[in-house]
Amino acid sequence: MRFGNDVRIRAVGVWLPETLDTTERAVAEGRLAPEVAERMGITGLPVATDVSAPDMAVRAARIAMDRAGWQGGDLDVLVHTWIYHQGHDMWSPPHYVAKQLGAGPHCLPLALHQGCDGGGLALQDAALRLRADPGARRALVSTSDRFVLPGIDRWNFQPSMPLGDSGTAVLLERGPSPDAPFALLAVNTYAAPELEVLVRGDRPFADMPMQVELPFSVLDSARNGSERLREVSYGQITGLVRATLRDAGVDAHDSRLRHVVLPRIGTSGLTALYLPALRDVLKADILRFDDLTGHLGCGDWAADLNELYEGETLAPGEMAMLIGAGAGLTWVCALVQATEASEGGR
């Protein structure tokens, strides 16, 4: 799905809690097995102790809006996405985020609740809405998650993929945006519905959330389907990368394609699922940013964009690819290109 220069990434923002639960401490206290820690390959996880998940999204959004010079009333679309409980039942977190930011009645708050791919899917959804609706020019994509017991054991939720708390935000703008650091060239998705069982496992259908298992984990179901996941992933990832490049009109060996950013899923998952496929289809340098965050759920996407932005990783005209997947499974791939505003705008 090609967007070209029609949709720009005007600003990004990430809010991480200051408390860091280190891998070393988790092992020493018996909360994490040493062999699992080695497969994760990270230093620690940000832990929110006194702020709700939606409020982390609000804090991240304010960082992004300050960078862009926007006010809440400038927003036409707000898409909020998450994995875990947002603090209330039968409630709309995006409306809360919109209210806290001062969004006007013309701004549509939407929820996208699917899985870890939510950040990428929300970017795609917001960009599509900006292109389809002549009255919509500016959008916010926000994410937030706070992974806490008794519902979630952040160190032992999924094999070798620990979970960090965060709030993130991406601002999108349609049309000319000379101060935008990135253009969203293309976003694509591939799906493998046969793999939905990796989360569901053999559990019976329940009558209420978390009824069957506390803390909830996918350790057994993910392990049982790991071989099939590896078989499917290679073709999905290589095909998705090629399709995204084709839509953007970019060759895999284009010298401007400088980096591919890995999802924040731990060493063993990256080694088994992503690195073989990416190395076979791309020559770009591979970047990994999960050492002090672990997996941020839907927030990986914005956090990776923020690393590219704050690190001034791309020169004007250069490109980076972001890729990841979420429960179902659906893989999402995005290609961004740095603009002239990416220099000296920090």
Worksheet item: Do the ring planes of Phe157 and Phe216 sit parallel (below 30°), tilted (30 to 60°) or perpendicular (above 60°)?
Response: tilted

Practice prompt. Rounded to the nearest 0.5 Å, what's the gap from CG on Asp304 to CD1 on Ile323? Could you check?
Written response: 12.0 Å

Worksheet item: Which pair of non-hydrogen atoms, one from Ala338 and one from Ala315, has the smallest distance, and what is that distance?
Response: CB-O, 3.4 Å

Worksheet item: Could you walk me through whether Thr293 and Arg264 pass the side chain to side chain donor-acceptor pair (under 3.5 Å) check?
Response: CA-CA 8 Å; Thr293 68; Arg264 304 181 183 214; 2.9 Å; yes

Fill in: Salt-bridge criterion met for Asp21 and Arg25 (N-O under 4.0 Å)
yes

Worksheet item: Stepwise, does the salt bridge (charged side-chain N to carboxylate O under 4.0 Å, His left out) test hold for Arg59 with Asp55?
Response: CA-CA 6 Å; Arg59 294 181 185 189; Asp55 282 313; over 6 Å; no

Worksheet entry | Nearest-0.5 Å distance, CG of residue Leu322 to SG of residue Cys333 | 8.0 Å

Worksheet entry | Nearest-0.5 Å distance that lies between atom CD in Gln158 and atom CD1 in Ile152 | 10.5 Å

Worksheet item: Do Thr19 and Thr49 pass the side chain to side chain donor-acceptor pair (under 3.5 Å) test, and can you show the C-alpha distance, the side-chain angles, and the key distance before you say yes or no?
Response: CA-CA 8 Å; Thr19 300; Thr49 58; 4.6 Å; no

Worksheet item: Is Val12 close to Ile9 at the side-chain level, that is, under 4.5 Å between some pair of heavy atoms?
Response: yes

Practice prompt. Flag the pair Leu314 / Gln337 as yes when at least one side-chain heavy-atom distance between them is below 4.5 Å, and no otherwise.
Written response: no

Worksheet item: Are side-chain heavy atoms of Arg131 and Val7 found at a separation under 4.5 Å?
Response: yes

Discussion item. We want to know whether Asp300 and His295 form a side-chain donor-acceptor pair, criterion being a heavy-atom distance below 3.5 angstrom.
Written reply: yes

Discussion item. Looking at every heavy atom in both Leu292 and Pro46, which two are closest together, and how far apart are they?
Written reply: O-CD, 3.4 Å

Worksheet entry | Glu310 and Arg67 ion-paired at < 4.0 Å | yes

Discussion item. Within the structure provided, determine whether Thr23 and Trp155 are in side-chain contact (heavy-atom separation under 4.5 Å).
Written reply: yes

Response to the item:
Residues Ala252 and Leu282: closest non-hydrogen pair is O-CD2, 4.2 Å

Discussion item. Evaluate Arg258 against Thr313 for side chain to side chain donor-acceptor pair (under 3.5 Å), listing each step before the verdict.
Written reply: CA-CA 9 Å; Arg258 294 296 308 280; Thr313 306; over 6 Å; no

Discussion item. Quick one about His80 and Ser144 (side-chain donor to acceptor, distance below 3.5 Å, no hydrogens or angles considered), yes or no?
Written reply: yes

Practice prompt. List the atom of Pro215, the atom of Asp153, and the distance in Å for their closest heavy-atom pair.
Written response: CB-N, 3.9 Å

Discussion item. Less than 4.0 angstrom from a charged side-chain N to a carboxylate O is my criterion; do Asp66 and Arg62 meet it?
Written reply: no

Practice prompt. Please examine the side chains of Ile237 and Trp331, heavy atoms only from C-beta on, and report whether any two atoms are closer than 4.5 Å.
Written response: yes

Item to complete: Could you pull out the closest heavy-atom pair between Gly44 and Leu20, with the gap in Å?
Response: C-CD1, 3.7 Å

Discussion item. Could you check whether Asp76 pairs with Arg137 (Lys NZ or Arg NE/NH1/NH2 to Asp/Glu carboxylate O, under 4.0 Å)?
Written reply: no

Item to complete: Quick one: do Leu110 and Arg129 satisfy side chain to side chain contact (heavy atoms under 4.5 Å, CB included)? Show the steps, please.
Response: CA-CA 11 Å; Leu110 291 172; Arg129 289 178 179 277; 3.2 Å; yes

Response to the item:
Arg8 and Ala180 have their tightest heavy-atom pair at CB-CB, 3.5 Å

Worksheet item: Do the side chains of Leu329 and Leu198 get nearer than 4.5 Å, heavy atoms only?
Response: yes

Worksheet item: When you check the gap from the basic side-chain N to the acidic O, do Asp165 and Arg154 get nearer than 4.0 Å?
Response: yes

Worksheet item: Yes or no on salt bridge (charged side-chain N to carboxylate O under 4.0 Å, His left out) for Glu173 and Arg138, after CA distance, side-chain angles and deciding distance?
Response: CA-CA 5 Å; Glu173 187 167 26; Arg138 291 175 168 177; 3.0 Å; yes

Practice prompt. Give a yes or no on whether a salt bridge exists between Glu35 and Arg39, defined as a side-chain N under 4.0 angstrom from a carboxylate O.
Written response: no

Worksheet item: Within a strict 4.5 Å, meaning less than it, do heavy atoms of the Met319 and Val336 side chains meet?
Response: no

Discussion item. As an exercise, state the distance from CH2 of Trp82 to OG of Ser142, rounded to the nearest 0.5 Å.
Written reply: 9.5 Å

Discussion item. Is there a side-chain contact between Ser166 and Trp15 in this structure, where contact means two heavy atoms from C-beta onward sitting under 4.5 Å apart?
Written reply: no

Fill in: Other residues, nucleotides, ligands: >12 heavy atoms within 6.0 Å of Glu18 CD
no

